[in-house]
Amino acid sequence: MNALHIKKGSSKKSAYDLKNSFGDTMERHTLAAIVDNEAGVLARVIGLFAGRGYNIESLTVSEIDHESKRSRITVVTTGTPSVINQIKTQLERMVPVYEVHDLTVEGPSVERELALFKVAGVGDKRVEAIRTADIFRASVVDTTLNSFVFELTGTPEKIDAFAELMRPLGLCEVARTGVAALARGLRDDE
Amino acid sequence: MTSQTTGANQMTGAKMIVQALKDQGVDTVFGYPGGAVLPIYDEIFLQNDIRHYLVRHEQGAVHAAEGYARSTGKPGVVLVTSGPGATNAVTGLTDALLDSIPIIVLTGQVPTFMIGNDAFQEADTVGITRPCTKHNWLVKDTEELASTIHEAFHVATSGRPGPVLVDIPKDVQFADGNYIPPENADLGHYQPRTKGDADAILAMVELMENAERPLFYTGGGVINSGPEASATLREFVAATNFPITSTLMGLGAYPASGKNWLGMLGMHGLYEANLAMHGCDLMINVGARFDDRITGRVDAFSPDSHKIHIDIDPSSIDKIIHVDVPIVGDVASVLADALALWKKRGSITNKPEVQSWWATISDWQKIRCLDFTPSPKTIKPQYALERLEALTKDHPNRFITTEVGQHQMWAAQYLGFEDPNRWMTSGGLGTMGYGFPASIGVQVAHPDGLVINVAGEASWLMNMQEMGTASQYRLPVKQFILNNERLGMVRQWQELLHGERYSHSWSESLPDFVKLAEAFGAKGILCSDPADLDDAIREMLAYDGPVLFDCLVEKHENCFPMIPSGAPHNEMLMNDAGVQDAIGASGAVLV
């Protein structure tokens, strides 16, 4: 077959016209879905990921509007652009889902995560742990003579970095909430 | 929402269910009673507006509802009990999900206070059916029952249609509540977009005006969109003179006798249809979803074409094949908009180039890929279907259902469909056992129709218990069994891919189908000689009642053309001579 020689008309102005193929590099995306807070809604979302083999790196869910019974689910996932696109459209077509935003591509956004770290240690290690916590602006929410529990809020990278530094200082347990994220600024409809 | 607490709207949950079905225009329910739905069956007993058809297995109820829905355009309704009733419905639900058939399944559930206790006939029905329904609901409060049923109808029939399930605990059926009619019900926020984007439709029209080798590739979405969609499609094809092919699910949207018809495409599609897909420079996908039976090897699929994709489900876009112009919307609406725009711009096509494209296509058609060598001694399955077609095609009201396998592909190749909603087959899930109960559902919806289930003996046996249903309601369904005493398609793949080791692909003890029919009070016909076939088919058609037609056919016939797994469209197998080493190791892992 010869190459195509289709003359193009004013369809050049169409946003849809001859868009580029998806690449095949893995990307990390943060998706936010606004859903009805009804029984089973989380199972539906999780089931979609499990059934279709998508990754979940982090997941947070909580009611955000008690009156209208809506929850916000924030999912951090990795996949090729076509998989990310599938995840978004598959989520969007679910009956209890109002809207899905891909915060990674829809302009700048902020991401935060809260984590608790239990660090055991005495002597120099204990001193070093509290100094490092101070640098990261982590707060101490529990202490005994041989342990701390630190609370830290920040980007996932900051949490990772703190965990890395705590490990040689006696880190024994971590609890992370997963990512909560919001787009910066106002959307057109806000 | 009204909030009356007394008066005529106050009723039990069970009564509410029947009232909601009536208000939704339901006149037919397929079902099977059991402990957890007894209050509903009691209400059904007390009224005459809704006719209940007692099936013999819950899977049969769902397939019957699918046949009903597919042949009428209305949603099918199923009523089954908790536990095994619900789990038996799962295959039908999955089938309806993959083929986008609107079905409402109502299941009984153990009382709310016993849920989670491993009660008798308890199953986590909403959990089990979550991945195989478009949506499902567990109703724990009678006050919400009516609204939920109305919402279920809304969800099943809006956007891309599909099966939904409402699980209703027995205490909710007994309790009183306020009935809310459909016009007052809260249908939720599910409102899929139906109108296509104007810029995208403009891009579509421009590509069509300039295309040199265009092709319409249509699918089940055209049927689901309704008769207007088929009518507009026909007008568009006639006006542009573009060739048209269709998936298995889309047969009938464009008439088989139409002059632009290339026949079905795909794994067992026609030579000319597949080569046209491979060679086109503009593919206009109308309501099809690039299923793997269609695409073959994805990276070699129609390599030189611009692709337009009209689909009501945004998640179908770019799922398998990257398209240039996606148009999310209802087929009828998008086609009407596109046709109007195309006319307004002067009804332009690239006539000389399209003409030479037709010349290329007619060369492919000269291959006559469906020709076969008839035998004077044994009935070739293709011959059986040719004769069935010749003797039934003029019937004004013919409906065909099929089971799954070789016979299904031959039926798609050798039978012609002139109208939508006349062809009911399990395309996506490939459910053996679909066709017989589906034919029952079709016959219920069309009492005067000629309903024929083209079957293989192995598939047919999977839901043979529905003979009881056919007999009980005197449904004159014709079961046309192409009996090769083999799982024909499995056998064909074992021949092509597994060194002719026919592992478990035949049955050593088939029933005497004539006696089987008689045992159920139906008529049995056996035919094994090509010379007797026409008379035997006429006898089947003349009989006013269910017929089991045991047509003994050539046992080792293969279904061609065939795109072997892992091959592109231009590497078709045309006959047994071509099959040597046709499928490589990478193809063998595909299904």
Side-chain angles (χ1 to χ4, degrees), chain A residues 1-24 34-54 68-70 79-100, chain B residues 126-127 130-138 140 151-152 154-155 158-160 164 188-190 192 197-207 209-213 278-282 302-306 308 312-320 322-328 345 350 570:
Chain A
M1 292 297 157
N2 297 326
L4 289 170
H5 298 291
I6 291 182
K7 287 162 264 162
K8 287 208 202 83
S10 53
S11 59
K12 275 180 198 155
K13 77 183 176 67
S14 164
Y16 290 102
D17 186 47
L18 311 182
K19 58 193 176 103
N20 292 325
S21 293
F22 290 121
D24 54 5
I34 309 299
V35 301
D36 281 320
N37 182 20
E38 61 181 26
V41 67
L42 185 60
R44 286 179 208 283
V45 172
I46 300 287
L48 171 71
F49 278 76
R52 293 183 187 259
Y54 305 143
S68 63
K69 290 187 183 164
R70 292 194 196 178
T80 61
S82 72
V83 166
I84 301 285
N85 184 55
Q86 268 295 300
I87 293 172
K88 182 166 182 283
T89 51
Q90 294 280 357
L91 283 172
E92 270 169 340
R93 73 171 182 166
M94 288 184 161
V95 172
V97 172
Y98 286 85
E99 52 191 280
V100 181
Chain B
V126 287
R130 203 173 280 132
C132 63
T133 52
K134 190 173 167 186
H135 196 63
N136 61 16
W137 295 262
L138 169 64
K140 292 170 102 169
E151 188 185 354
H154 170 69
V155 169
S158 317
R160 180 177 181 173
V164 298
H189 54 89
Y190 182 73
D197 178 88
D199 280 346
I201 291 173
L202 174 63
M204 165 178 171
V205 169
E206 286 180 345
L207 283 169
E209 288 168 349
N210 292 306
E212 299 177 354
R213 302 184 306 279
H278 193 78
C280 66
D281 75 345
L282 177 65
S302 193
D304 297 320
S305 61
H306 281 160
I308 296 164
I312 199 157
D313 179 358
S315 76
S316 286
I317 306 282
D318 288 334
K319 184 169 74 178
I320 294 157
H322 180 71
V323 296
D324 304 291
V325 182
I327 305 176
V328 175
R345 288 166 55 98
N350 196 339
N570 57 348

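Chain letters run A, B, ... following the sequence lines, proteins first, then strands; residues in each count from 1.
Ranked by heavy-atom pairs shorter than 4.5 Å toward chain A, the options B:K140, B:R130, B:H189 are led by B:H189. Of all the listed residues (A:G47, A:A43, A:G51, A:A39), the one sharing the greatest number of non-hydrogen pairs under 4.5 Å with chain B is A:A43. Interface summary for chain A: among B:E151, B:R160, B:K134, B:H135, the most heavy-atom pairs under 4.5 angstrom belong to B:H135.
The two residues B:S315 and A:Q86 come nearest to each other via the heavy atoms O-NE2, 2.7 Å. Of all the heavy atoms in B:I317 and A:N85, the pair that sits closest is O-ND2, 4.1 Å.
A:V95 pairs in a side-chain contact (heavy atoms from CB on, under 4.5 Å) with only one of the listed residues (B:N136, B:T133, B:V155), which is B:V155.
When heavy atoms are compared at a cutoff of 4.5 Å, A:V83 does not approach chain B at all.
For residues 83-92 of chain A, the salt bridge (charged side-chain N to carboxylate O under 4.0 Å, His left out) pairs, not counting sequence neighbours, are A:K88-A:E92.
The structure places CE of A:M94 at 11.5 Å from OH of B:Y190, a figure rounded to the nearest 0.5 Å.
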